[in-house]
Undergrad: 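Let me begin by handing over the structure; questions about it come next.
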Amino acid sequence: MEKNVSIDRALEILFQFPILSRVETTVIVSAHNRILSEDVMALVDSPPFDNSSIDGWAVLVSDPPQNRIEVGTIFAGDPPPRELLPNEAFRIMTGAPTPPNADGLVMVEDGLQGIVRKNFIRHKGENISQGSVALSKNRVLSPPCLALLASVGHSTVSVYSKPKVSIITTGDELIAPGKELKPGQIYESNSISLTSLVRQAGAIPTVVEPSRDDIDSLRELFNQCAESSDLILTSGGVSMGDHDFVRKLLIEEGEPLFWKVRMRPGGPPIFGLWKDTPILGLPGNPVSSHVVFLTLVVPWLSHPDLFYKKIRARLQSPLKGAKGKTTFRRIKIQSSDELLASSLTHQGSGNILSMVAHDALSVLPPDTDGEVGELIDALWLID
Ligand code: AMP
Ligand code: MG
């Protein structure tokens with residue numbers, strides 16, 4: 001087992017166990033935010049024929065404007081018309097096929113003798129030509145991507161199947177919200193955030209019964225989830241405490257591959273295999289589990305486009321870095337002449353309010369503080 005790995009090394013190890021492997025075909029209308037599992041070629045030219053981008057007349061550029069005579073009308077959906085004879089003009093609607101020899105269009109607003117414009121003809125294949133790559137593998141399918149697929153002839157598309165992810169929370173102090181809070185207890189919240197993060201990632205979450213801090217019940221849950229899921233995520237029980245049984249169990253009875261990542265918050269994640277199923281132990285502190293999900297799970301299980309944009313922002317508040325660790329402070333982005341980043345609340349990793357009050361994470365390299373006025377790298381989160 002490797003210890004204290006860099007984020008890049010942790011990702012390298014995770015990518016040895018790809019979660020996105022199965023593929024399926026889906027109708028494009030249901031493919032929003034799915035991830036393409038192969039390059040997709042254009043089945044036809046776009047546009048498929050020369051056509052008009054305006055309402056007006058199709059003409060020959062060489063004809064003197066005052067000689068033009070309207071000889072017919074072409075509507076969108078009509079078959080391609082005949083060639084124009086000298087001085088002839090066809091009235092034409094947007095999207096209608098242009099006559100094969102027409103080389104100019106006159107806008108209806110300008111009148112039949114108006115100025116002729118060559119660039120208003122949309123030429124066959126000028127957007128994308130048949131047989132070329134319309135979208136590349138691993139692209140997240142946005143609404144414009146889906147429209148592009150349709151426009152080049154696809155009714156279905158091949159995407160990665162949604163992985164099944166089990167979520168196990170651990171901790172004797174945890175009770176479900178809605179129940180009365182007894183002394184020493186806190187409301188369990190990580191299963192709630194992880195469920196929505198897993199869904200946002202395009203995977204299928206299953207929250208299993210929360211585990212007591214007890215190695216036998218945890219073993220039982222690991223066995224059960226290894227059977228039924230592509231990935232097990234646990235929360236809590238991975239650091240140095242006497243009741244940190246996720247770590248203990250994985251190290252003693254599973255196949256641990258790394259423990260502890262050089263990042264803050266979220267230092268103690270543990271990763272390994274349990275009966276051949278990948279299991280990632282996230283820290284219990286709510287901000288830590290969130291940040292580890294964004295940095296380690298998202299690129300592995302999903303696609304960053306579904307979660308954040310990488311930006312550069314100018315700091316308005318000082319940020320404390322950490323020795324040897326990449327630091328993800330919570331910051332609020334303001335869009336002005338440039339992007340400005342401020343830190344507004346207490347940054348403790350137990351304070352989920354800090355994720356609510358801010359909307360981005362700094363990416364401070366190891367051993368680096370962020371000074372006011374400096375440009376820093378950040379991840380601007382998509383809700
Ligand atoms: P642990 O990693 O188990 O030592 O937990 C670290 C901190 O996170 C402790 O203060 C826990 O009470 C808290 N914590 C652990 N799991 C959860 C959870 N599912 N929801 C909210 N807080 C949690
Ligand atoms: Mg615990």
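Counting starts at 1 for both ligands and their atoms, following the listed order. Throughout, numbering of the chain's residues begins at 1 and tracks the sequence.
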Undergrad: For the ring pair Trp300 and Phe271, is the centre-to-centre distance below 6.0 Å?
TA: yes
Undergrad: Glu255 versus Asp276: any side-chain heavy-atom pair under 4.5 Å?
TA: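 They are in side-chain contact.
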Undergrad: To which protein heavy atom is atom 10 (O) of ligand 1 closest, and what is the distance rounded to 0.1 Å?
TA: Asn285 OD1, 4.1 Å
Undergrad: Could you tell me whether some N/O pair between Gly237 and ligand 1 is separated by less than 3.5 angstrom?
TA: yes
Undergrad: What is the nearest protein non-hydrogen atom to atom 14 (N) of ligand 1, stated with its residue, atom name and distance?
TA: Gly284 O, 3.3 Å
Undergrad: Counting non-hydrogen protein atoms only, what is the nearest one to atom 11 (C) of ligand 1? Give residue, atom name and distance.
TA: Glu173 OE2, 3.0 Å
Undergrad: Non-hydrogen atoms of Ser235 versus ligand 1: any pair closer than 4.0 Å?
TA: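 Flag set, Ser235 near ligand 1.
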Undergrad: Hey, are Ser354 and Gln347 close enough side-chain-wise for a donor-acceptor pair under 3.5 Å?
TA: no
Undergrad: Looking at atom 4 (O) of ligand 1, what's its closest protein heavy atom, distance included?
TA: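 Result for atom 4 (O) of ligand 1: Asp244 OD1, 3.9 Å.
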Undergrad: Mark up the atoms of ligand 1 that fall under 4.0 Å of a heavy atom belonging to Glu188, in ascending order.
TA: 18 (C), 19 (N), 20 (N)
Undergrad: So, Asp244 and Ser239: side-chain donor and acceptor under 3.5 Å apart, yes or no?
TA: yes
Undergrad: Within a reach of under 6.0 Å around CD of Glu227, are more than 12 heavy atoms found that belong to other residues, nucleotides or ligands?
TA: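 Counting neighbours around CD of Glu227, 12 or fewer heavy atoms of other residues, nucleotides or ligands fall under 6.0 Å, so no.
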Undergrad: Pick one: which of Arg9, Lys260, Lys325 meets side chain to side chain contact (heavy atoms under 4.5 Å, CB included) with Asn4?
TA: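 Looking at Arg9, Lys260, Lys325, the match for Asn4 under the side chain to side chain contact (heavy atoms under 4.5 Å, CB included) is Lys260.
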Undergrad: Is Ser189 in contact with ligand 1, taking contact as a heavy-atom separation below 4.0 Å?
TA: yes
Undergrad: Just to check, does Gly350 reach to within less than 4.0 Å of ligand 1 when the distance is taken from its heavy atoms?
TA: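 Not so, Gly350 does not reach ligand 1.
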Undergrad: Is there side-chain contact between His303 and Val298, with at least one heavy-atom pair below 4.5 Å?
TA: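 In short, these two side chains do not touch, never coming nearer than 4.5 Å.
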Undergrad: Checking a contact table here: which protein heavy atom is nearest atom 17 (C) of ligand 1, and how many Å away?
TA: Asn190 ND2, 3.4 Å
Undergrad: Considering Asp172, Ile186, Thr169, Val246 one by one, which has a heavy atom nearer to atom 22 (N) of ligand 1 than any of the others?
TA: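 Ranked by closest heavy atom to atom 22 (N) of ligand 1, first place is Ile186.
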Undergrad: Go through the steps to decide whether Phe222 and Trp274 satisfy the test ring pair (Phe, Tyr, Trp, His ring centres under 6.0 Å), and finish with yes or no.
TA: CA-CA 7 Å; Phe222 280 15; Trp274 186 269; 5.1 Å; yes
